[in-house]
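Scroll down for the structure; my scribbles are underneath it.
Both backbone and side-chain heavy atoms feed into the values below; hydrogens, waters and symmetry mates do not. Residue numbers start from 1 in every chain, and the chains themselves are labelled A, B, ... in the order their sequence lines are given, proteins ahead of strands. Just so you know, these numbers come straight off a predicted model, no measurement behind them.
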Amino acid sequence: MFTRFVRWLDERMMVSPLWRDIADHPVPAHTNPSERVSAFVYCFGGVTFLLIIAQFVTGMFLAMDYVPDITNAYNSTRYIMDHVLFGKQLLSMHNWGSTLIIIMVTLHMLRIYWMGVYKKPRELNWLVGVTLLLIILTFGFTGYLLPWDEKAYFATQVGVSFVQYVPFIGKALFNIIAGGNHIGAATLSRFFAIHVLFLPALLLSFLGLHFLMIRRNGITGPY
Amino acid sequence: MAGKQPQKAGWTRRDFFNWVLNVTMGVIALLVAVPAVGAAITPAFARSKPIWIRLGLASKLQAASLAAGTGGVGSVVKASYTYTALDHWVKQPASDYAYLRYIGGSCPFYILSPICTHLGCHVDWVPSANQFHCPCHGSVYTIDGLNVSGPAPRPLGVFRWKLTNGEVWIAREDTFTGAWERQGESPRRPCLMVKQA
């Protein structure tokens, strides 16, 4: 049944070679945990990607009930937790997922650093990876404000205040990030837009580059 | 075949159309980028007027400050106030307080913002030490609001104020401390009483 469907699709779109290139290629034995258990360290990046997909899904459904406005953001967050079916679970998955991503991405980076994978010809992919780390940290920072509770507000006030110490343009930079002279209505809508529109677009572009370069350069080792 | 043809000197028809296409795309990109970037960086250039808030009867505030001090010298008292805060498109009732002290003379009230210039916590008035202490990271200010210890980069903000029908009104500015901000440790006590027209 499935084979027939794929054949039908291939006659029109030729997806099989694409699928083979993306997902159905052999990997070296030294990166296969079923060959050698310690090879699980090669999975950290892939696990991060799976977690990112989970963040996309939970985030999209959270956005159905969330309102990025200072009078309603907190109330809508409470509504998700108290009145939406499995809302608390959805929110918790998004919340814990973000923490897990930071952990996995750190482990992934440690593996890359430990094994010296950042060396030529993979130094460009290292740069892309560091950019991805910054994007992910910005995701965490902007998402932290969205519930608009006291912890979120003051954490953001402290965080955004740091940019004021940039020489000459510190004040202007603060105003651009905060959307005004202080953390308020404009900050929340800005952070929401950055969190759900700007960053996902950036993240997907850089992930594309990241994966493309992994395929071009291949996997390092064995050591 | 096309590759074997010798290139003509100067512009070909194709070069011209490529140029037209590139310029058109560039203009479109610019037309999109200018308003987009403009909207994003607007807050860097925004200026806003202060809002005037009634703090209370001058006689009562003076009595409270004198009662907190000793021997006819006023000390620091908390003066609470409520106002309608306008945050871009959101109007909300808000409340805060100022640290007020009766100092006499031609500018009888010295009104400080409680916002720590380090990271924005409310500082506590500690009468036994005659200082303001920040509970967050330990910044210390003198009774005049000058930063003397801790991470605070600037003195506390000072409210500009005016007297209308025996009542004290303060100007809440759209600054970090909500008040007029001193950039350095000014030795002179700033008198920020606004003369009535």
Heavy-atom neighbours of A/Arg12 CZ exceed 12 at 6.0 Å: yes
Does the A/Asn181 side chain pair with the main chain of B/Asp174, one donor and one acceptor, at a distance under 3.5 Å? yes
Determine whether a donor-acceptor pair (N or O, by modelled atom type, separation under 3.5 Å) exists between the side chain of A/Asn175 and the backbone of B/Pro43. yes
Value for CD1 (A/Ile183) from CZ (B/Phe176), rounded to nearest 0.5 Å, stands at 9.0 Å
Mark yes when over 12 heavy atoms from residues, nucleotides or ligands other than A/Met104 sit less than 6.0 Å from its CE; otherwise mark no. yes
Residue-level contacts of residues 111-123 of chain B with chain A, using a heavy-atom cutoff under 4.5 Å: B/His118, B/Leu119, B/Gly120
Is the shortest side-chain heavy-atom distance between A/Phe154 and B/Cys136 below 4.5 Å? no
From NE2 (A/His182) to CG (B/Asp87), nearest 0.5 Å: 5.5 Å
Would the number of heavy atoms belonging to other residues, nucleotides or ligands and lying under 6.0 Å from CD of A/Glu11 be above 12? yes
Inspect the surroundings of OH in B/Tyr97 and state if more than 12 heavy atoms from other residues, nucleotides or ligands are less than 6.0 Å away. yes
Scored by heavy-atom pairs under 4.5 Å with chain A, the best of B/Ala40, B/Ala46, B/Pro153 is B/Ala40
Nearest non-hydrogen partners of B/Trp89 and A/Ala185, listed with the distance: CZ2-O, 3.8 Å
Within a 6.0 Å radius of atom OH on A/Tyr74, are there more than 12 heavy atoms belonging to other residues, nucleotides or ligands? no
Between A/Gln157, A/Arg190, A/Lys171, A/Gln164, the one whose heavy-atom pairs under 4.5 Å with chain B are most numerous: A/Arg190
Examine distances only and state if a side-chain atom of B/His88 and a backbone atom of A/Thr187 form a donor-acceptor pair shorter than 3.5 Å. no
Examine whether an atom of A/Tyr165 lies under 4.5 Å from a heavy atom of chain B, and if so say whether it belongs to the side chain, the backbone or both; otherwise answer neither. side chain
Check this for me: A/Phe61, atom CZ, are more than 12 non-hydrogen atoms of other residues, nucleotides or ligands nearer than 6.0 Å? no
Any B/Gln92 side-chain heavy atom under 4.5 Å of A/Ile70 side chain: yes
